[in-house]
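Whatever order the structure lists ligands and atoms in, that order sets their numbers, starting from 1. Model, not experiment: these values are computed from the prediction. Just so you know, these numbers use all the heavy atoms, side chains as well, and skip hydrogens, waters and symmetry mates.
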Amino acid sequence: MTTHVPVLPSLEGKAAIVTGSTQGLGSDIARALTACGASVTIVGRNTEAGAAIVAEIESQGGKAIYCPTDIQEDEQIDQCIERTIATFGHLDILVNNACSYDDNGVASTREQWHRTLGVNLISAAIFAQKALPHLQRGSCIVNLGSTGGKFGAAGRALYPASKAAMLQFTKNLAVTIAPQGIRAVAVSPAWTWSPSVVRLSHNSRTRADEVGKLFHPLGRVGDGLEIGRVVAFVASDAASWITGVDIPVDGGFSILGPDQGISPRVWFERALQDK
Ligand SMILES: NC(=O)c1ccc[n+]([C@@H]2O[C@H](COP(=O)([O-])OP(=O)(O)OC[C@H]3O[C@@H](n4cnc5c(N)ncnc54)[C@H](OP(=O)(O)O)[C@@H]3O)[C@@H](O)[C@H]2O)c1
């Protein structure tokens with residue numbers, strides 16, 4: 001008889017900062033990292049939510065602190081890194097997860113472009129720049145991409161541009177820091193059960209899966225912990241030979257073409273039936 005034992009990568013003794021971990025995927029990434037043994041700094045502006053995530057992680061036996069931080073402010077990034085090192089003694093993992101979805105497509109104002117790229121791309125790059133002097137051989141920076149940054153979508157411009165740029169930045173960063181034995185990896189989710197999908201589906205997981213199954217061959221939307229577990233793996237020593245690439249964690253979303261994986265024969269049959 002075999003007993004199913006979930007094997008988690010070990011992050012024992014490592015300390016991580018996860019930006020945008022007061023809610024959504026970031027909080028699930030923090031949950032996954034702490035479940036693997038890492039100590040985690042929760043980062044975001046919502047103090048109530050940040051304190052609640054820390055309390056929850058501690059109640060599960062994990063180690064976490066909350067550091068209120070606006071990642072658009074350089075001094076607050078410095079304070080966050082300093083506090084992490086003062087508390088945990090070192091910094092080994094940075095997860096650039098925070099994002100803004102503010103996007104009015106080609107009608108977006110210059111200010112909107114600056115704000116969305118500022119949070120999604122520039123603050124991630126500055127966080128990496130400021131973290132690097134504290135990282136050591138074996139450390140890893142994980143940048144969140146998105147299927148949204150890989151395909152055209154009417155009415156959107158800022159968020160997809162920021163996510164596409166994040167993947168390119170990850171490659172340049174990876175090559176730059178490789179000589180120091182530090183890795184940079186991108187992880188790109190598709191639709192994941194999180195506040196934005198909860199809102200769009202009017203808080204119905206059934207409705208989210210019903211719509212999601214059209215685009216995700218695995219037939220549903222993803223769960224935050226499914227993203228978190230992959231982030232934990234890529235940040236761990238188990239992934240020591242992976243750098244610079246983008247890892248899609250998307251239920252197969254990115255392997256489909258615009259025909260949604262349905263053959264021309266079926267499309268023609270459907271078109272003829274509709275006549
Ligand atoms: N959800 C999905 O289906 C999906 C799909 C593909 C990719 N992703 C990627 O996954 C990541 C998380 O997405 P999500 O949907 O979970 O996001 P979300 O629910 O909107 O959460 C965004 C997080 O970013 C933080 N944040 C925003 N601006 C900030 C700032 N100036 N300073 C510090 N923190 C800031 C927010 O914290 P505060 O409000 O506390 O500041 C919040 O914790 C993003 O990189 C996104 O592109 C998500």
Side-chain angles (χ1 to χ4, degrees), residues 17-32 40-54 66-81 94-103 112 114-127 141-151 153 156 158-167 169-170 185-201 205 208-209 211-212 215-216 220-228 230-231 246-251 253-254:
I17 292 176
V18 183
T19 70
S21 44
T22 50
Q23 65 172 44
L25 269 60
S27 57
D28 280 330
I29 291 168
R31 289 181 179 101
V40 172
T41 300
I42 304 293
V43 174
R45 297 157 303 173
N46 184 335
T47 49
E48 212 175 302
I53 302 287
V54 169
Y66 167 57
C67 193
T69 310
D70 183 338
I71 60 169
Q72 297 252 59
E73 301 292 335
D74 284 4
E75 277 178 19
Q76 295 188 31
I77 295 179
D78 290 334
Q79 283 162 12
C80 176
I81 292 171
L94 168 65
V95 183
N96 280 314
N97 164 85
C99 83
S100 163
Y101 287 113
D102 182 35
D103 193 335
Q112 283 178 302
H114 278 298
R115 198 170 45 240
T116 299
L117 289 179
V119 174
N120 296 9
L121 176 68
I122 299 168
S123 297
I126 298 294
F127 221 125
I141 297 173
V142 184
N143 292 329
L144 268 286
S146 171
T147 48
K150 299 175 182 179
F151 306 103
R156 291 182 109 184
L158 318 189
Y159 175 82
S162 72
K163 289 289 149 180
M166 192 74 143
L167 301 189
F169 172 62
T170 304
V185 183
V187 168
S188 288
W191 299 11
T192 309
W193 187 244
S194 59
S196 62
V197 176
V198 168
R199 213 166 30 247
L200 289 168
S201 67
R205 179 61 194 254
D209 286 340
V211 179
F215 316 108
H216 304 75
R220 59 178 174 83
V221 299
D223 283 305
L225 283 176
E226 292 179 301
I227 313 302
V230 175
V231 171
D246 169 45
I247 305 201
V249 189
D250 62 7
F253 185 110
S254 55

Looking at [atom], what's its closest protein heavy atom, distance included?
atom	answer
atom 37 (O) of ligand 1	T22 OG1, 3.0 Å
atom 34 (N) of ligand 1	G44 CA, 3.7 Å
atom 5 (C) of ligand 1	A190 O, 3.0 Å
atom 3 (O) of ligand 1	T192 N, 2.8 Å
atom 28 (N) of ligand 1	R45 NH2, 3.2 Å
atom 1 (N) of ligand 1	S194 OG, 2.7 Å
atom 22 (C) of ligand 1	C99 O, 3.8 Å
atom 25 (C) of ligand 1	G20 CA, 3.5 Å

Problem set entry | Option nearest atom 13 (O) of ligand 1 (shortest heavy-atom distance, choices Y159, Y101, F127) |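 Going through Y159, Y101, F127 one by one, Y101 has the nearest heavy atom to atom 13 (O) of ligand 1.
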
Exercise. Among S188, G145, S27, A49, which one has a heavy atom closest to atom 7 (C) of ligand 1?
Worked result: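 The option holding the nearest heavy atom is G145.
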
For this session: For D250 and T147, test the side chains for any donor-to-acceptor distance below 3.5 angstrom and give the result as yes or no.
Result: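 No, T147 and D250 have no side-chain donor paired with an acceptor closer than 3.5 Å.
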
Minimum side-chain heavy-atom gap [X]-[Y] below 4.5 Å:
X	Y	answer
I227	D28	no
L158	Q112	yes
V119	S162	no
S21	I53	no
M166	N120	no

Which ligand 1 atoms, with their elements, are less than 4.0 angstrom from a heavy-atom of [X]?
X	value
N97	10 (O), 11 (C), 12 (C), 44 (C), 45 (O)
V119	28 (N)
N46	38 (P), 40 (O)
W191	3 (O)
Q23	18 (P), 19 (O), 20 (O), 21 (O), 42 (C), 43 (O)
K163	44 (C), 45 (O), 46 (C), 47 (O)

Would you mind telling me if ligand 1 is within reach of the side chain of [X], the backbone, both or neither, using heavy atoms under 4.0 Å?
X	answer
D70	both
A98	both
T69	backbone

So, is [X] polar-close to ligand 1, with some N/O to N/O distance under 3.5 Å?
X	value
I71	yes
Q72	no
S146	no
T147	no
L144	no
V43	no

Spell out, as yes or no, whether a donor-acceptor pair under 3.5 Å connects the side chain of [X] to the backbone of [Y].
X	Y	result
Y66	T22	no
T116	D102	yes
S123	G118	yes
S27	L25	no

For this session: If the plane angle is over 60° it's perpendicular, under 30° parallel, otherwise tilted; pick one for H216 and W191.
Result: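 Correct class here is perpendicular.
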
For this session: Could I get the full list of salt bridge (Lys or Arg N to Asp or Glu O under 4.0 Å) partners for K150, not counting sequence neighbours?
Result: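 Partners of K150 by the salt bridge (Lys or Arg N to Asp or Glu O under 4.0 Å) criterion, ordered by chain and then number, come out as D246.
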
Exercise. Who passes salt bridge (Lys or Arg N to Asp or Glu O under 4.0 Å) against D70, sequence neighbours left out?
Worked result: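 D70: no salt bridge (Lys or Arg N to Asp or Glu O under 4.0 Å) contacts found.
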
For this session: Please determine which of V142, L144, V40, T19 meets the side chain to side chain contact (heavy atoms under 4.5 Å, CB included) test together with I29.
Result: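 Option passing the side chain to side chain contact (heavy atoms under 4.5 Å, CB included) with I29: L144.
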
Exercise. Does ligand 1 have any atom sitting under 4.0 Å from a heavy atom of P195?
Worked result: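 P195: in contact with ligand 1 (<4.0 Å).
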
For this session: Quick one: pull up NZ in K163 and CZ in R156 and give me the separation to the nearest 0.5 Å.
Result: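 One finds 10.5 Å between NZ of K163 and CZ of R156.
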
